[in-house]
Amino acid sequence: MSTRPLRVIIVGGGIGGLCLAQGLHAAGINVAVLERDAAPDARLQGYRLNIEPVGSRALHDCLPAHLWQILVATAGHPGPGMGVFTERLRLLMREDAPPAEPDPSEQTHAVSRVTLRRLLLAGLDDVVHFGKEFTGYRQNADGTVTALFADGTSATGDLLVGADGANSRVRRQLLPHARRAPVPAVGIGGKLRLDDKATWLPEEMTSTKNMFLPKRDFLFTAVFRRRETDGAIIERIGDQMRAAVLDPDLLVQDAKDDDYVMWAYVAHSRALPADLTDAPTGKRGQHLRELVASRLTDWHPDLHKLIAQTPADTIERFDFATAERVKPWPTTNVTLLGDAIHSMPPVGGLGGNAALYDAGALRRALIAADQGENDLLAALAEYERAMLNNGFAAVQAATMYLRLATLPSRAVRTVARTFFRLCGTIPPLRRAIFSD
């Protein structure tokens, strides 16, 4: 077993890659992140992310204590358990609220993606390198691996981690047989601010997540509210923000990002026009909004109003694809993390939490290897088994939810509504199926 300090190269600076980098850096392991984006602020957009307990544990373990405290303080509460409704706002089932958990690392947090990215980059100025477009890798005779980049540079280490997303070039070289398949579904989403003009919204939409299961198509809503006010956040953890060399006012504004209700409408691709964006660039959001409204003919008026009052510039289309399950492969000094191996439809926030799970699991494996408690390849083999099982279970769940949302069969939809209604009226059944 080599006594040389472990050197880890991470290709990709997304949520999973940066979480792993934070955890390895804190453990004193030599780590470098190579990211193709030109600058740290290239990804300051997107909806907030629900960090479930599995993701919270990984972030708690990987982040320095002061960054974890900032994340918790600037996050929002996701509300009680998700509700399932008909299109007429008739409640079929509501999940039981999770038990009160005093430890934030066991809670769910609604986190601003902008804030999360700032926190994951904090303190890593000498670790994260931007403008590095990965082109391939070379495994060397001495047991090291060299990553190659489009600008002619390279980086050599003991392990290369592909955390470069759904179109991973690391995966393409390591597992050329791995495939992603399109899913015949189309999504359209938007955001409605929770201001004085939105007081008409039903309480369910302003307090938690909801799934609407009509006779055709599907609608999902989630609310994002901060737990604390600007002043309370700065007063309580301003010192931690300043210690992290982060602007308190900037972080609070990131986290605020206007409290809002996010909605996502999903339908089978055959049910909608072939070209949903056949409109001038400035009119695309309006065009999509009108299309969704035209599909809600017999839905509750409050759902019509939700769509109608959503600003057109927040409305966008998104398509779906999912990774096909791959069998375990012979473990080498190249491995994968997150969407690079088990990408999935963005349903329920499962993808981000799966990537964080991977980061936490790989961190533990590499610390054990660095401290001589386990051989590197043996530690990686254990990580890959756990990562594949957890990741593809999440893929299966996300794909199942998406199929339920898009199945054109009214008979199947009726069975699904009956199932949720039974779960709503029989607590032991509900807890057996929906409790962790």
Side-chain angles (χ1 to χ4, degrees), residues 10 12-27 29 31-33 35 37 39-78 103-130 163 165 224-228 230 232-257 337-338 349 351-360 362-363:
I10 301 172
I15 292 172
L18 290 177
C19 181
L20 174 61
Q22 284 281 1
L24 297 181
H25 183 64
I29 294 176
V31 58
V33 178
E35 166 57 48
D37 285 349
D41 60 358
R43 301 191 194 186
L44 299 186
Q45 70 250 347
Y47 298 113
R48 295 192 193 180
L49 178 66
N50 267 349
I51 305 294
E52 304 291 342
V54 63
S56 296
R57 288 190 287 271
L59 286 166
H60 171 267
D61 293 346
C62 291
L63 287 173
H66 62 285
L67 295 182
W68 168 249
Q69 291 174 25
I70 295 170
L71 184 147
V72 173
T74 55
H77 195 287
D103 186 349
S105 68
E106 296 296 330
Q107 296 176 10
T108 298
H109 305 278
V111 178
S112 161
R113 288 180 184 266
V114 178
T115 298
L116 180 59
R117 183 162 176 79
R118 291 195 197 280
L119 294 176
L120 289 173
L121 286 168
L124 298 184
D125 290 351
D126 297 330
V127 171
V128 183
H129 308 275
F130 292 95
F224 296 102
R225 291 183 184 275
R226 288 176 302 159
R227 289 190 174 102
E228 303 183 44
D230 299 359
I233 293 173
I234 292 177
E235 181 177 352
R236 189 161 70 83
I237 61 163
D239 289 343
Q240 288 94 321
M241 293 182 182
R242 285 181 279 272
V245 197
L246 295 168
D247 183 337
D249 293 322
L250 184 60
L251 265 185
V252 167
Q253 183 58 41
D254 288 346
K256 185 176 181 181
D257 188 31
L337 176 154
N353 284 285
L356 292 172
Y357 170 90
D358 293 352
L362 185 52
R363 165 190 168 272

Enquirer: Counting distance only, does the side-chain N/O of Q22 pair as donor-acceptor with the main-chain N or O of G123 below 3.5 Å?
Expert: no

Enquirer: Enter the distance from H60:NE2 to E106:CD here, rounded to the nearest 0.5 Å.
Expert: 9.5 Å

Enquirer: Is it the case that the side chain of N353 and the backbone of N50 share a donor-acceptor pair, with hydrogens and angles ignored and the cut-off at 3.5 Å?
Expert: yes

Enquirer: What heavy-atom pair brings G338 and D358 nearest, and what distance separates the two atoms?
Expert: N-OD2, 2.8 Å

Enquirer: Looking at side-chain heavy atoms only, is the closest gap between W68 and S56 below 4.5 Å?
Expert: yes

Enquirer: Can you run down the salt bridge (charged side-chain N to carboxylate O under 4.0 Å, His left out) pairs that involve residues 14-25, sequence neighbours left out, and say none if there aren't any?
Expert: none

Enquirer: Might you point out which heavy atoms bring T108 and P53 nearest each other, and give the distance in Å?
Expert: OG1-CD, 3.3 Å

Enquirer: Please enumerate all residues that pass side chain to side chain contact (heavy atoms under 4.5 Å, CB included) together with A355, with sequence neighbours excluded.
Expert: none

Enquirer: Could you tell me which residues satisfy ring pair (Phe, Tyr, Trp, His ring centres under 6.0 Å) with F224, sequence neighbours excluded, listed by chain and number?
Expert: Y260

Enquirer: Just jot down the ring pair (Phe, Tyr, Trp, His ring centres under 6.0 Å) partners of H25, sequence neighbours excluded, or say none.
Expert: none

Enquirer: Give a yes or no answer on whether the side chain of E35 reaches the backbone of D37 with a donor-acceptor pair at less than 3.5 Å.
Expert: yes

Enquirer: My understanding is that only residues two or more places apart in sequence, or in another chain, count here; which of them pass side chain to side chain contact (heavy atoms under 4.5 Å, CB included) with A26?
Expert: none

Enquirer: Tell me which one of L71, L67, T115, L59 satisfies side chain to side chain contact (heavy atoms under 4.5 Å, CB included) with L120.
Expert: L59

Enquirer: So, taking the atom named CG in L119 and the one named CD in Q69, what distance separates them when rounded to the nearest 0.5 Å?
Expert: 11.5 Å

Enquirer: If you round to the nearest 0.5 Å, how far is CG of L20 from CD1 of I10?
Expert: 4.0 Å

Enquirer: Please round to the nearest 0.5 Å and tell me the distance separating atom NE2 of H129 and atom CG of L124.
Expert: 10.0 Å

Enquirer: Consider side chain to side chain contact (heavy atoms under 4.5 Å, CB included). Of L121, L18, L49, T74, which one does L116 pass it with?
Expert: L49

Enquirer: How close do C19 and A58 get, heavy atom to heavy atom, and via which atoms?
Expert: SG-O, 4.1 Å

Enquirer: How close do R363 and C62 get, heavy atom to heavy atom, and via which atoms?
Expert: CD-SG, 3.4 Å

